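Step one of this worksheet: look at the structure below.
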Amino acid sequence: MPPILPRKFYARDPVSVAQDLLGKLLVSGQTTGRIVEVEAYLGTGDQAAHSARGITDRTRVIFGPPGHAYVYFIYGMYECLNIVTSPAGTAGCVLIRALEPIAGIDLMRERRPRAKRIEDLANGPGKLTLAMGIDRSRNGADLTRRAGPLTVHNASTALPFDIVTTTRIGIGVSAELPLRFYIAGNSCVSVP
DNA sequence: GGTAGGATGGGCT
DNA sequence: GCCCATCCTACCC
């Protein structure tokens, strides 16, 4: 497995981290996925960010040190994975929106029995947490810790790709900001 | 091919 | 009480 991304990788603005996370490998237990779609949520000037109204029990981790997981529960049924960016004391995170399944695909299929194609296993923020076995018990997990439950690794054999920038999916405020990024032409993106 | 609506519960006013 | 960073099914071309 290629090296784990160090904390300094995450200690930058969320837009830079979001763009640079594309193509990296997310590992959870026996499952591995390549990150193909992300959204940035800013610490200031972004009314769509959960951190926009300050520190609460839910949002505390977003204001903590970078390189940790922020996992939240949504629509009574699903969980979404974010990665905390920016130095401790400031807010900023990246929502992981889609993965290309790389390893543990049989296990992903067991966890997502309704998915017909491999591309459907993790092509959405709620789908990928199910496929990878990620839930709220991972909230606050340190992604830079070796032997941790959730890690992000450099992609050793990554081919070059173009990045497409759009507005974010499913939000009502600050909707005009161009903060969604995905790998051009990838078949596992949620909304191509 | 497309879309409208339901499921389901925690967070916050 | 309302909103929500979603997903799936049913139903209609």
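All values derive from a computational prediction rather than experimental measurement. Residue numbers start from 1 in every chain, and the chains themselves are labelled A, B, ... in the order their sequence lines are given, proteins ahead of strands. All heavy atoms count here, side chains included; hydrogens, waters and symmetry mates do not.
- We find the CG-CD1 distance between A/L179 and A/I171 to be 8.0 Å, quoted to the nearest 0.5 Å.
- Counting non-hydrogen atoms under 4.0 angstrom, A/R112 reaches the backbone sugars and phosphates but no base.
- Between A/T167 and A/E176, the side chains place no donor N or O within less than 3.5 Å of an acceptor N or O (distance only, hydrogens not considered).
- Within a 6.0 Å radius of CZ in A/R117, other residues, nucleotides and ligands contribute more than 12 heavy atoms.
- Within 4.0 Å of A/Y75, counting heavy atoms only, lies at least one base atom of the nucleic acid.
- Among the atoms of the strands shown, none is found under 4.0 Å from any heavy atom of A/D57.
- Separation of the A/Y72 and A/H50 ring centroids falls under the 6.0 Å cut-off.
- The side chain of A/M77 lies closest to B/dA7, out of B/dA7, B/dC12, B/dG10.
- Separating the OH atom of A/Y78 from the C1' atom of B/dT8 is a distance of 10 Å, rounded to the nearest angstrom.
- Among the atoms of the strands shown, base atoms are found under 4.0 Å from some heavy atom of A/G76.
- The interatomic distance linking A/H50 (NE2) with B/dG10 (P) rounds to 15 Å, in whole Å.
- A/E100 places none of its side-chain heavy atoms less than 4.5 Å from the side chain of A/I183.
- The pair A/R114-A/D120 does not count as a salt bridge, with every side-chain nitrogen at least 4.0 angstrom from each carboxylate oxygen.
- Both the sub-6.0 Å distance and the 45° axial angle are not jointly satisfied by A/R60 relative to the ring of A/Y70.
- Here A/R97 pairs with A/E39 in a salt bridge; the nearest charged N to carboxylate O distance falls below 4.0 Å.
- Atom pair A/D135:CG and B/dG10:P shows a separation of 14 Å (rounding to whole Å applied).
- For the strand DNA chain B, secondary-structure stems (runs of at least three Watson-Crick or G-U pairs, all distances below 3.5 Å) span B:1-7 with C:6-12, B:9-12 with C:1-4.
- Nearer to the 5' terminus of DNA chain C, by closest-nucleotide assignment, is the contact made by A/I169 (compared with the other of A/I169 and A/A115).
- In this structure, A/T56 reaches the B/dC12 phosphate: one of its side-chain N or O atoms is under 4.0 Å from OP1 or OP2.
- Cation-pi geometry between A/R12 and A/F9 is met: under 6.0 angstrom from the ring centre, within 45 degrees of the axis.
- Spacing between atom CD of A/E79 and atom C1' of B/dT8 amounts to 13 Å, rounded to whole angstrom units.
- Between A/R58 and B/dC12 there is a side-chain N or O to OP1 or OP2 distance below 4.0 Å.
- On the nucleic acid side, DNA chain C contacts chain A at distances under 4.0 Å to non-hydrogen atoms, with the end points of that region at C/dC4 to C/dT9.
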